[in-house]
Amino acid sequence: MANQQVPLNGAYYGPAVPPPQPPPRNNQRRRGCCCSCLCLFCKIILCLVLIIGMTALLFWVIVRPTEIKFHVNNVTLNKFNLTSDNILHYNMTVNVTVRNSNKKIGVYYDMIEVRGYYEGERFDTKYLTPFYQGHKNTSYLKTEFVGQQLVVLNNNNNNEKSEYEKDKSEGVYGIDVMIYFKMRFKIGEVKSYKCKPRVKCGLKVPLAVDGKTIAGGNVNVNTNPKCEWN
């Protein structure tokens, strides 16, 4: 009893109270905030997709756009001779029909570049006069390839020289005509930005001598193909 300590004021208040602890971090609140932001973002994306889809559907219902069609209606080949020094002498005329069957879309052809290819080698390039094609309209493109050009045919895996000798013996040549455009579309008073499509016309053209073709009867000739967007 002699060693027991007595409080100064004679009262005992119990054990000391520990200091208050900091409140725990609210991880659930952060997760809830992230989920809300993600849901909002998804809703915005979904609304944009729906708006774009509805706009495209409305445009298609009102305008009903259709593909512009290209078709070779006539081609004549009066000269096509490759010399021993790889100089190609040629004389070819190609007439292409362009059909715009759209009821409400016009087309500006701001640039028309026509190229002639044989076995993947370009032998001539011509530029035609730009024009505007109205709706429900048919236009015609006439190109004359006349001249001479260095054309080197390789005797590799493609056997380009062998193909030329075969075409020469049959009197029919496989010639590709590529047409490059800079185009704009017009709907009412609204004009689109320029686009740069191209069209490929694959031909099997018989050589004509004195106005008469010299192709054999069993040779495949294709001088009126439908041209394809390429």
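All residue numbers refer to positions in the sequence shown, counting from 1.
Residues S139 and N137 have side chains that bring a donor and an acceptor to within less than 3.5 angstrom of each other. With hydrogens and angles left out, the side-chain atoms of Y164 and E119 include no donor and acceptor closer than 3.5 Å. Residues R99 and T138 bring a donor and an acceptor atom of their side chains to less than 3.5 Å of each other.
M111 and V199 fall into different hydrophobic clusters, where Ile, Leu, Val, Met, Phe, Trp and Tyr side chains are chained together by heavy-atom contacts under 4.5 Å. Under the 4.5 Å side-chain heavy-atom criterion for Ile, Leu, Val, Met, Phe, Trp and Tyr, Y109 and Y127 are members of distinct hydrophobic clusters.
Between the N102 side chain and the K104 main chain, no donor and acceptor come within less than 3.5 Å of each other. For the pair Q133 (side chain) and V98 (backbone), a donor-acceptor distance under 3.5 Å is present.
When side chains are defined from C-beta on, V72 does not count as touching V177, because their heavy atoms never get closer than 4.5 Å. For the pair T125 and E113, the minimum side-chain heavy-atom distance is below 4.5 Å. The closest side-chain heavy-atom distance from R184 to D110 is below 4.5 Å.
Atom-to-atom distance recorded for L128:CG and I112:CD1 is 5.5 Å, nearest 0.5 angstrom. To the nearest 0.5 Å, atom CG of residue L77 and atom CG of residue L207 are 5.0 Å apart. Note that CD of E228 is 9.0 Å distant from SG of C201, once rounded to the nearest 0.5 Å. Atom CG of N73 is separated from atom OH of Y140 by 7.0 Å, given to the nearest 0.5 angstrom. Atoms CG and OG, from L153 and S162 in turn, are 10.0 Å apart once rounded to the nearest 0.5 Å. In this structure, CD1 in I105 is found 4.5 Å from CD1 in I187, a value given to the nearest 0.5 Å.
When hydrophobic residues (I, L, V, M, F, W, Y) are linked wherever their side-chain heavy atoms come within less than 4.5 Å, the members clustered with Y108 are Y132. With a 4.5 Å cut-off between side-chain heavy atoms of Ile, Leu, Val, Met, Phe, Trp and Tyr, the cluster of Y180 takes in Y117, M178.
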Please step through side-chain contact (heavy atoms from CB on, under 4.5 Å) for the pair L150 and I87, ending with a clear verdict.
CA-CA 5 Å; L150 176 66; I87 300 298; 4.0 Å; yes
Start with the C-alpha gap between I68 and V107, add the side-chain angles, then the distance that decides, and say whether side-chain contact (heavy atoms from CB on, under 4.5 Å) holds.
CA-CA 9 Å; I68 298 174; V107 185; 3.3 Å; yes
As a quick check of understanding, evaluate side-chain contact (heavy atoms from CB on, under 4.5 Å) for N81 and T83, giving each step before the final call.
CA-CA 6 Å; N81 181 44; T83 62; 4.2 Å; yes
Test log, rule side-chain contact (heavy atoms from CB on, under 4.5 Å), inputs F185 and N100:
CA-CA 11 Å; F185 298 97; N100 177 18; over 6 Å; no
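Within 6.0 Å of the NZ atom in K182, the count of heavy atoms belonging to other residues, nucleotides or ligands does not exceed 12. Counted within 6.0 Å of NZ on K79, heavy atoms from surrounding residues, nucleotides or ligands total 12 or fewer; the atom is thus considered open.
With respect to the salt-bridge test (charged N to carboxylate O, under 4.0 angstrom), the residues E144 and K142 qualify.
Shortest non-hydrogen contact noted between P225 and G202 is CG-O, 3.4 Å. Annotation for L88 and L82: closest pair N-CD1, 3.8 Å, computed over non-hydrogen atoms. The heavy-atom pair separating P197 from W229 by the smallest distance is CB-CZ3, 3.3 Å. Closest approach of G174 and D167 over heavy atoms only: N-OD2, 3.6 Å. Scanning all heavy atoms of the two residues, the minimum distance from V172 to K204 falls at CG1-C, 3.8 Å.
Between Y118 and F80, a ring centre-to-centre spacing shorter than 6.0 Å is recorded. A ring-centre distance under 6.0 Å is not found for Y173 and Y90.
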